[in-house]
**Q** 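The structure under discussion is supplied below as structure tokens; questions concerning it will follow.
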There are 2 protein chains.
Amino acid sequence: MARYLPGLQTRDRILDSTRWLLARVGLDGTTLAAILERAKVRSGSFYNLFDSKDEAILTVVREAINAVDPHPDGIGKDTVQELVDAYIQFITGQPTLAKIYLQTAVGGAMHDEALAHRVLSHHETRVTRLADALRRETGTSKAKSRTQAELLLAGLNGLAFHWLLDPDFDISSRAVELVAGR
Amino acid sequence: MARYLPGLQTRDRILDSTRWLLARVGLDGTTLAAILERAKVRSGSFYNLFDSKDEAILTVVREAINAVDPHPDGIGKDTVQELVDAYIQFITGQPTLAKIYLQTAVGGAMHDEALAHRVLSHHETRVTRLADALRRETGTSKAKSRTQAELLLAGLNGLAFHWLLDPDFDISSRAVELVAGR
DNA sequence: CTCAAAATAGAGCGTATACTCAAAAACAGC
DNA sequence: GCTGTTTTTGAGTATACGCTCTATTTTGAG
């Protein structure tokens with residue numbers, strides 16, 4: 001483990017490199033050699049700081065998943081618009097982590113059972129909070145608002161996909177239309 | 001290329017094997033060795049019939065997509081509902097291929113250049129046909145129907161994402177609601 | 001300044017994978 | 001049956017990858 005400053009700095013460089021590669025070239029392209037070259041580190045140093053390549057990758061993925069997590073202190077208070085805005089802001093503001101999150105969720109590195117569960121539970125949390133906000137604002141039934149929330153979130157995720165594919169795509173105003181046409 | 005019966009039969013066995021592996025163990029697990037073992041074929045025979053492992057995979061992907069096409073031979077006949085149904089059927093019937101599709105959309109996940117191109121051009125075709133169907137049915141302008149098609153497809157991709165995350169998610173009826181609320 | 005701990009370098013190992021090739025066997029038209 | 005073509009075999013090649021190990025340098029507390 002790293003105890004001196006140089007070790008901690010190298011560790012950061014490695015994680016930066018891994019994060020960059022995951023977002024740009026995907027899981028397959030994130031080879032050890034690529035990580036090492038970009039971080040300007042030899043394999044010996046890497047394995048002095050990490051037990052395996054996967055450990056570095058999982059560290060980054062965990063970070064990405066946490067970044068999608070809605071803030072827990074606002075439960076029961078947020079509006080639909082706030083939640084949608086927060087999501088869009090995450091996607092457009094942190095495209096690197098957003099890409100990693102979506103890639104991971106779709107099936108890349110999800111051989112890790114615990115991570116898969118975390119992604120699902122984050123998704124669940126988001127649906128529930130959206131449904132609550134919808135019920136508070138429109139007064140629809142519990143079941144119906146949940147269905148609406150699922151549809152809305154699916155739409156947002158779809159928009160995110162589209163935006164990642166085409167950065168010129170106007171995700172913000174599409175999101176507005178999506179909320180309006182609900 | 002195969003000209004005698006035995007050649008055609010081994011070709012079929014290889015494609016069956018590839019299809020089975022893609023569905024069961026995913027893209028990563030579909031190694032050449034696995035294909036060969038399941039098809040009871042040695043590598044020499046394989047390369048007598050295919051130029052590469054990717055060609056076999058590509059063939060399977062193409063067949064899966066075509067199998068679900070409502071009007072494979074003629075463009076300009078399908079309805080919006082038909083195209084949406086075909087999409088849902090593709091996603092739920094071939095979850096592995098659906099994953100490949102979405103991973104490619106997120107970008108970079110596909111190391112295979114030809115496969116990525118194939119998937120993306122398929123995406124383009126689908127947008128165009130959806131837009132055409134929308135214009136035929138609603139009489140909207142060319143530009144507007146294309147935007148609508150992109151939004152609709154984004155929604156469908158979002159639903160697919162949700163379904164891949166949670167297989168219990170009722171993607172079919174959600175898709176119906178999505179089309180209805182357009 | 002000293003010295004044990006930490007950090008680094010980089011040659012090299014083991015393994016998995018896609019793919020090649022020359023020779024042998026099976027095939028089918030004559 | 002003869003003969004050219006197709007099919008099959010399987011040992012062998014090339015490469016990429018994750019990872020190890022030892023020697024060397026750097027660090028920083030006392």
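Quick caveat, the model's predicted, so the values are computed rather than measured. Excluded from the calculations below are hydrogen atoms, water molecules and symmetry mates; all remaining heavy atoms, backbone and side chain alike, are included.
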**Q** If I take atom CZ in residue A:F50 and atom C1' in nucleotide C:dT8, what distance separates them, rounded to the nearest angstrom?
**A**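 One finds 15 Å between C1' of C:dT8 and CZ of A:F50, rounded.
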**Q** Output, in order, the C-alpha distance, side-chain angles, deciding distance and verdict of side-chain hydrogen bond (donor to acceptor under 3.5 Å, both in side chains) for A:D85 and A:Q81.
**A** CA-CA 6 Å; A:D85 285 349; A:Q81 194 59 52; 3.1 Å; yes
**Q** With under 30° as parallel and over 60° as perpendicular, where do the rings of B:F169 and B:H162 fit, or are they tilted in between?
**A**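 It falls in the parallel class, under 30°.
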**Q** Using atom CG of A:N48 as one end and atom P of D:dC19 as the other, report the distance to the nearest whole Å.
**A**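 In whole Å, D:dC19 P lies 15 Å from A:N48 CG.
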**Q** Rounded to whole angstrom units, what separation is found between the CG atom of B:L27 and the P atom of C:dT17?
**A**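 It is 13 Å, rounded to the nearest whole Å.
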**Q** Which letters describe nucleotides 20-30 of chain C, given B = protein heavy atom under 4.0 Å from base, S = only from sugar-phosphate, - = neither?
**A** BB-----S---
**Q** Please evaluate residues B:D132 and B:R135 with respect to the criterion salt bridge (charged side-chain N to carboxylate O under 4.0 Å, His left out), reporting the C-alpha separation (whole Å), side-chain torsions for both, the decisive distance (0.1 Å), and the verdict.
**A** CA-CA 5 Å; B:D132 284 350; B:R135 200 167 71 237; 3.7 Å; yes
**Q** Atom CD of B:Q9 to atom P of D:dT6: distance rounded to whole Å?
**A**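 In whole Å, D:dT6 P lies 17 Å from B:Q9 CD.
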**Q** Under a 3.5 Å cut-off for both distances, is D:dC17 Watson-Crick or wobble paired, and to whom?
**A**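 Matched D:dC17 with C:dG14 under the 3.5 Å cut-off.
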**Q** Do B:V25 and B:I57 sit in the same hydrophobic cluster, where Ile, Leu, Val, Met, Phe, Trp and Tyr count as joined when their side-chain heavy atoms come under 4.5 Å apart?
**A**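 Yes; tracing contacts between hydrophobic side chains, which count when under 4.5 Å, links both residues.
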**Q** Quick one: A:E37 CD to D:dA16 C1', roughly how many Å, whole number?
**A**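 Atom CD in A:E37 sits about 15 Å away from atom C1' in D:dA16.
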**Q** Measure from CG on A:L32 to C1' on C:dG10 and round the result to the nearest Å.
**A**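 So the CG-C1' distance, A:L32 to C:dG10, works out to 13 Å.
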**Q** Are B:V41 and B:Y47 connected, step by step, through hydrophobic side chains (Ile, Leu, Val, Met, Phe, Trp, Tyr) whose heavy atoms are closer than 4.5 Å?
**A**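 Same cluster: B:V41 reaches B:Y47 through Ile, Leu, Val, Met, Phe, Trp or Tyr contacts under 4.5 Å.
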**Q** Provide, to the nearest angstrom, the distance between the CD1 atom belonging to B:I14 and the C1' atom belonging to D:dT9.
**A**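 From B:I14 CD1 to D:dT9 C1': 13 Å.
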**Q** Could you tell me how far apart B:K40 (NZ) and D:dG10 (C1') are, to the nearest whole angstrom?
**A**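 So the two atoms are 16 Å apart, to the nearest Å.
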**Q** Given that B:R42 and A:F46 both sit by DNA chain D, which one's nearest nucleotide is further toward the 5' end?
**A**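 Nearest-nucleotide comparison on DNA chain D picks B:R42.
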**Q** When you measure from the side chain of A:K53, which nucleotide among C:dA18, D:dG18, D:dT6 comes out closest?
**A**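 For the A:K53 side chain, the nearest candidate turns out to be D:dG18.
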**Q** Report yes if at least one side-chain N or O of A:T31 is closer than 4.0 Å to OP1 or OP2 of D:dA16; otherwise report no.
**A**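 Negative; the distance criterion is not met.
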**Q** Taking a hydrophobic cluster as the set of Ile, Leu, Val, Met, Phe, Trp and Tyr residues connected by side-chain heavy atoms closer than 4.5 Å, whether directly or through intermediates, do B:V80 and B:V176 fall within one such cluster?
**A**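 B:V80 and B:V176: separate clusters.
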**Q** If you check the A:R3 side chain, which of C:dA6, D:dT6, D:dT8 turns out closest?
**A**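 Looking only at side-chain atoms, A:R3 lies closest to C:dA6.
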**Q** What are the two closest heavy atoms between A:L134 and A:S145, and how far apart are they?
**A**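 That closest heavy-atom pairing would be CD1-O, 3.7 Å.
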